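Everything below concerns the one structure shown next.
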Amino acid sequence: MSRFLKTQLQSLEAYTPGEQPQDMQYIKLNTNESPFPPTPGVAAALADGEIRRLRLYPEPDCTPLRQALAQQYGVAAENVLIGNGSDEILNFCFMAFFAPEQKLLFPNITYGFYKVFADLYGLTYTEVPLRPDFSIDPADYRDKNAHVVLANPNAPTGIELPREEIESITRSNPDRIVIVDEAYIDFGGRSCAELIHTYKNLIVVMTFSKSRSLAGARVGFALADAALIRDLQTVKYSTNPYNINRLSQAAALAAVRDAAYDRKNCETIVQNRAYLAGQLQALGFTVLPSKANFVFAANEKIGGAALYAGLKKKGVLVRHFNRPPIENFVRITIGTKAQLDVLLHKIRELL
Ligand SMILES: *Cc1c(COP(=O)(O)O)cnc(C)c1O
């Protein structure tokens, strides 16, 4: 740390992304990327003149992409904001709507970035404990006059909160914002997207990184009431108007135009998830009920840290969070059937 870093940031604990090692070829089941390449439409869209046009700034409003997403979700383009990954959307939301004197709630076990943004902006917040079965108790969030941030399905548990519960939380905090982070909604969960017509305080955040095979393109989006989207636009135009580069806009648009391709891949992942969960249970694992493209699993015979390290040595990367009460779990991204069979083979060797 230099002596110039401002006091407010000196104790900030930054987000730790999952490993992206370059030293060898791993079977990479640690950051919930898709095992499938993006639709062939993406390569075609990039080749089609977009490279020559890189000398020009991109369209700052991302209008074609917003229109395509609006059509897909049955909303208007004014209800859609595109971000440089959903992480940037979340950043904009925290910056725009949450003030230090207001209450802010999110689960104690959830996506690690919420806490980082809250600390970055000097917010006061409560990390609400999950139930012993790792599910969210909606009563903890109702009638609290608090901003609420929920990943649904939650990460790294994979457990879905029924949409009715999200709706009741949103309805009961009418003067505060509820953010539903639906990064994993396309793997069998029920989206809250259509609720944005009813609830002016609801922001649904989604991403191209998981179900659309475009983690490297960095594209996410928010669906919300037009007034909220305008506020987020103000923040965007006050920080980085050209936040989505040309290649990423073209790639994301091609993906939306071939939604059937992504849907089919999601179905395969849901099938592979059931296969992996069954096999792990047969090996004595506890596997939380996942609606995401990963499972969260623990085995009494081997701790989470040992399982993570043992698998890494054998060329398979999974994610381990070294903190109670989840230190005995590992989070395993659902890969192809062939990848999962290698993983299972290595796990059997370790056990
Ligand atoms: C992966 C993930 C994100 C970040 O997605 P990007 O669009 O790649 O920034 C956001 N929220 C949750 C819960 C995630 O798991």
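Atoms within a ligand are numbered from 1 in the order they appear, just like the ligands themselves. All values reported here derive from a predicted model rather than from experimental measurement.
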Once you restrict to heavy atoms under 4.0 Å, what part of Ser86 touches ligand 1? Side chain, backbone, both or neither. both
Please determine, by modelled atom types, if Asp61 and Tyr237 share a side-chain donor-acceptor pair under 3.5 angstrom. yes
Flag this pair as yes if the NZ/CZ of Arg331 is under 6.0 angstrom from the six-membered ring centre of Phe296 and inside a 45 degree cone about the axis; otherwise no. no
Does the side chain of Glu59 pick up a donor-acceptor pair with the side chain of Thr63 at under 3.5 Å? yes
Could you establish whether Gly220 and ligand 1 come within less than 4.0 Å of each other, counting only heavy atoms on the residue side? no
Candidate pair Tyr121 and Asn91, rule side chain to side chain donor-acceptor pair (under 3.5 Å), full reasoning: CA-CA 10 Å; Tyr121 295 116; Asn91 181 24; 2.4 Å; yes
Please report the C-alpha distance between Lys337 and Gln271 in whole Å, then the side-chain angles of each, then the deciding distance to 0.1 Å, and finally whether the side chain to side chain donor-acceptor pair (under 3.5 Å) criterion is met. CA-CA 9 Å; Lys337 176 91 175 354; Gln271 284 165 11; over 6 Å; no
Under 4.0 Å from any heavy atom of Arg218, which atoms of ligand 1 are there? 6 (P), 8 (O), 9 (O)
Taking only heavy atoms of Tyr184, which atoms of ligand 1 are found under 4.0 Å from at least one of them? 1 (C), 13 (C), 14 (C), 15 (O)
Under a 3.5 Å threshold, yes or no: a donor from one side chain and an acceptor from the other, between Lys210 and Tyr184? yes
Backbone or side-chain N or O of Tyr114 under 3.5 Å from ligand 1 N or O: no
Which pair of heavy atoms, one from His320 and one from Phe329, lies closest together, and at what distance? CD2-O, 3.2 Å
Ignoring angles and geometry beyond distance, decide whether Tyr111 reaches within less than 3.5 Å of ligand 1 through its nitrogen or oxygen atoms. no
Asn32: heavy atom below 4.0 Å from ligand 1, yes or no? no
Hey, which atoms in ligand 1 end up nearer than 4.0 Å to a heavy atom of Ser209? 6 (P), 7 (O), 8 (O)
Considering non-hydrogen atoms of the protein only, which is the closest contact for atom 13 (C) of ligand 1, and what is the distance? Asp181 OD2, 3.3 Å
Can you figure out which of Glu33, Lys210, Glu88, Met206 has its heavy atom closest to atom 2 (C) of ligand 1? Lys210
Have a look at ligand 1 and work out which part of Asp87, if any, has a heavy atom under 4.0 Å from it: side chain, backbone, both or neither. both
